Amino acid sequence: MTLKDGVPRSFALGTTIREVAFSIGEGLGKACVGGRIDGQGAILDLRTPLRRDARLEIVTADSKDGWQVIRHSAAHILADALLSLWPDTKLAIGPATEEGFYYDVDLAHRITPDDLPKIEAAMAKIVKEDRPFERCSVDRADETRKARDHGDVYKAEILDGLPIGEEVTFYRHGQFEDLCRGPHVPSTGYVKAFKLLRTAGAYWRGDENNAMLQRIYGTAFAREKDLKEYLHRIEEAEKRDHRKLGKELGLFMMHPVAPASPFFLPKGTVIYNRLVRLMRDLYVRYGYQEVITPQVFDSQLWHTSGHYEHYKENMYFTIIDERECAVKPMNCPSHTFIFGMERRSYRELPLRIADFGRLHRYERSGATAGLTRVRTFCQDDAHIFAAPEQIQAEVGRLLAMINEVYGLFGFPEVRVALSTRPAASIGSAEVWEKAESALAGALQASGVNYTINPGDGAFYGPKIDFRVLDAIGREWQLGTIQLDFNLPERFDLKYITSEGSEARPVMIHRAILGSLERFIGIIIEHYSGQFPFWLSPVQARVLTINDDHVPYAQSLTARLSEAGFRVDEDFSNSKTGAKIRDARLARIPYVLVVGAKEIADQTVALRERPDIDRGSISIDRLLELFRDQENRKQ
RNA sequence: GCCGACGUAGCUCAGUGGUAGAGCAGCGGUUUCGUAAACCGCAGGUCGCGGGUUCAAAUCCCGCCGUCGGCUCCA
């Protein structure tokens, strides 16, 4: 065995991971909750006997891997507690997750939030008893029969689905036993810091045709301190929730007359328009032409595009002059019309058509949320019509553009994934191969690190997805580059090649910010409402010390507004401290205080968010500072 | 859509069967103040909507609307 220190050690055949850990030291032995062989695969149970030479990594309780083991055991303890409280509980599945664990159960009693402390108390008792987890190999057929006899329909179904020949194991602690692959901690006492978080409904196997189960979510850590930190992180994330900040900062509102459809208020509209302007400026540099297209189309169009067959559930319909019409959920069909309106030459390609058209997509009532999942939205949408051999260069260009845009927002990380041909797809193998290698080639040429999601492409073409991490480490899907062989076919798009023959262009769907609504929601949380100067709805606020200073303050506001900056005023007769506080709560980047001193010197006292005193500064210097921040988009 | 929770003043929330409350915001007044909350007063509600139970409903029951947390990271 080779361990982390690189020193080879010898053990008898069948020595368990736990025994190896103890042989190295008492401390490591006690901390050990599992192991991993050759740095890959699943975490192994610490009871696993070692049967060959390998590189062994001891998984300790106080690590991400260790937490997985603890959480899995916590799920068992939860199930045990539920059975003790409600003996009719039928267990479904109870895995560890990225952030915690859950158990899906079926029982007559409706578990309410008030039950959670009761369940926690029952769990704490089991933890305190420090029962050892035992692993045992069982006979599949026997267990399936037993499960059926007990009415344990879910376990029976799982047992049925297990691959023949694979070892079937149970884990037991105290009176409780559960079908389980493991791994588990040595005893229930290892689950030192846990908390149940919420209840939820969940369909058996995630399929809405199946029974609705009750799910209980919780989390667990090796130490109380880590649990506290986790709960604190959740609280901090709640503070920057875009729905809460959107209301507080007057960015947008919602109203039952238009469910899941935001009303952007004046301040939110500034941000929206600023983002549109950002993209429009880039469109000039990157060779796009913007168009404005209709909102409502005869259904005939959606039959041609295939949306009627495949996307009808998400579309809004209406009857106009006895014709069935649909509100557009996407811009692409309009753009194919624009492309197909005249005979196109290879010289025109790639033809880049951008559109900020408003889209409507019906989302199920339970699926909508704030600005991130809405029923009407606008994408920074564009479609590029290109010759197949232009794909790689065009995608390379897009990568540069995307890089430029994401760079402005200071996302700590951008993750890129290439999705390839799914089982059911249209287009020849040859076309797919070329398209996939063009995308991969462009990514490599741009030096982008990316992962591959095999078979995850759309049926009509491969794609590249961009996901960013925000300021507190959450991942969001933003942009996408999607090749499409289907629509050019359906709309019979053609261009004339240099040889004078007709050829079929490829369509590239692409968005960088994605939906503006969603993007705004994400950056509200990313910036915690403290937008950079160029995006701030109000960039500066002018405050007076007393009424004598109002005329000077007014001339200052006027001068800044005339220079194109978004400035407001607080000339109320509150105390300066109160006005400063209001400006801070409004997350205004700069506060300009005007008093007798500033009037005498023809300056302004500058205060920068959150509370940096920048001293007195002349109006000219101030304008210079503002212009610089605006130009550098800071 | 389904499971669960929630919906009281512009906002945040208290009020569990007996006359609808607080703080902030708003309005009026006093105060003219130098970097995170001055003081006094006034006004503000079909308790989401509709129905039911009751002498009496914000409160209990039913339906609807909306919002929020979830709805395979497969033993």
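So you know, we letter chains A, B, ... as the sequences are listed, proteins then strands, and number each from 1. Computed from a predicted model, the values in this text were never measured in an experiment.
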Once you apply a heavy-atom cut-off of 4.0 Å, does [X] come out as touching a base, just sugar-phosphate, or nothing?
X        : answer
A/Ile93  : sugar-phosphate
A/Ala200 : base
A/Tyr217 : sugar-phosphate
A/Glu238 : nothing
A/Ala583 : nothing
A/Thr544 : nothing
A/Arg181 : base
A/Lys579 : nothing
A/Gly370 : sugar-phosphate
A/Ile111 : nothing
A/Gly366 : base

Spacing of the [atom1] atoms in [M] and [N] (rounded, Å):
N      : M      : atom1 : value
B/rA25 : B/rA38 : P     : 9 Å
B/rA9  : B/rG50 : P     : 16 Å
B/rU46 : B/rU59 : P     : 16 Å
B/rA43 : B/rG23 : P     : 14 Å
B/rU35 : B/rG21 : C1'   : 35 Å
B/rC27 : B/rG10 : C1'   : 13 Å
B/rU8  : B/rC3  : C1'   : 26 Å
B/rG28 : B/rG34 : P     : 25 Å

Review point. Is any side-chain nitrogen or oxygen of A/Arg364 closer than 4.0 Å to OP1 or OP2 of B/rC2?
Key: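 No, A/Arg364 has no side-chain N/O under 4.0 Å of OP1/OP2 on B/rC2.
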Roughly, in whole Å, what's the span from [atom1] in [X] to [atom2] in [N]?
X        : N      : atom1 : atom2 : result
A/Asp613 : B/rU35 : CG    : C1'   : 7 Å
A/Leu265 : B/rC11 : CG    : P     : 12 Å
A/Ile580 : B/rA38 : CD1   : P     : 12 Å
A/Arg140 : B/rA75 : CZ    : C1'   : 12 Å
A/Arg243 : B/rC68 : CZ    : C1'   : 7 Å
A/Asp241 : B/rU67 : CG    : P     : 14 Å
A/Leu107 : B/rG4  : CG    : C1'   : 13 Å
A/Arg581 : B/rA25 : CZ    : C1'   : 12 Å

Shortest non-hydrogen contact between [X] and [Y], atoms and distance:
X        : Y        : result
A/Glu57  : A/Asp65  : OE2-OD2, 4.2 Å
A/Gly370 : A/Met254 : O-CE, 3.2 Å
A/Arg474 : A/Ala237 : NH1-CB, 4.2 Å

Study note, to complete from the structure: Here the residues of residues 66-80 of chain A within 4.0 Å heavy-atom distance, strictly under, of RNA chain B are none
Exercise for review: Please work out whether the ring planes of A/Phe533 and A/Tyr590 are parallel, tilted or perpendicular, with thresholds of 30° and 60°.
Suggested key: perpendicular
Side chain of [X], heavy atoms from C-beta onward: which of [options] has the nearest atom to it?
X        : options                : result
A/Ala202 : B/rU67, B/rG4, B/rC71  : B/rC71
A/Asp547 : B/rA75, B/rU32, B/rG66 : B/rU32
A/Ser365 : B/rU32, B/rA75, B/rG1  : B/rG1
A/Arg110 : B/rA75, B/rC3, B/rU35  : B/rC3

Let's test this: given Watson-Crick or G-U wobble pairing with both distances under 3.5 Å, identify the partner of [N].
N      : value
B/rU32 : none
B/rA37 : none
B/rC64 : B/rG48
B/rG1  : B/rC71

Hey, does the side-chain of [X] have a donor or acceptor N/O within less than 3.5 Å of a partner on the base of [N]?
X        : N      : result
A/Tyr203 : B/rG1  : yes
A/Glu143 : B/rA75 : no
A/Glu313 : B/rG1  : no

**Study point:** Pairwise 5' ranking along RNA chain B for A/Cys180 and A/Ala260, keeping only the more 5' one
**Key:**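 That would be A/Ala260.
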Check your understanding: Between A/Pro113 and A/Val591, who's closer to the 5' end of RNA chain B by nearest nucleotide?
Key -> A/Pro113
Review point. Are A/Lys312 and A/Phe317 in a cation-pi contact, defined as NZ or CZ under 6.0 Å from the six-membered ring centre and within 45° of the axis?
Key: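 Yes; both conditions hold, so A/Lys312 lies above the ring face of A/Phe317.
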Strictly below 4.0 Å, N to O, side chains only: are [X] and [Y] in salt-bridge contact?
X        : Y        : value
A/Glu166 : A/Arg181 : no
A/Asp152 : A/Lys146 : no
A/Arg205 : A/Asp207 : no
A/Glu143 : A/Arg140 : no

Review point. Do the side chain of A/Arg18 and the main chain of A/Val33 share a donor and acceptor less than 3.5 angstrom apart?
Key: no
**Study point:** Gap separating the NZ atom of A/Lys90 from the OH atom of A/Tyr154, nearest 0.5 angstrom
**Key:**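 A/Lys90 NZ to A/Tyr154 OH: 6.5 Å, rounded to 0.5 Å.
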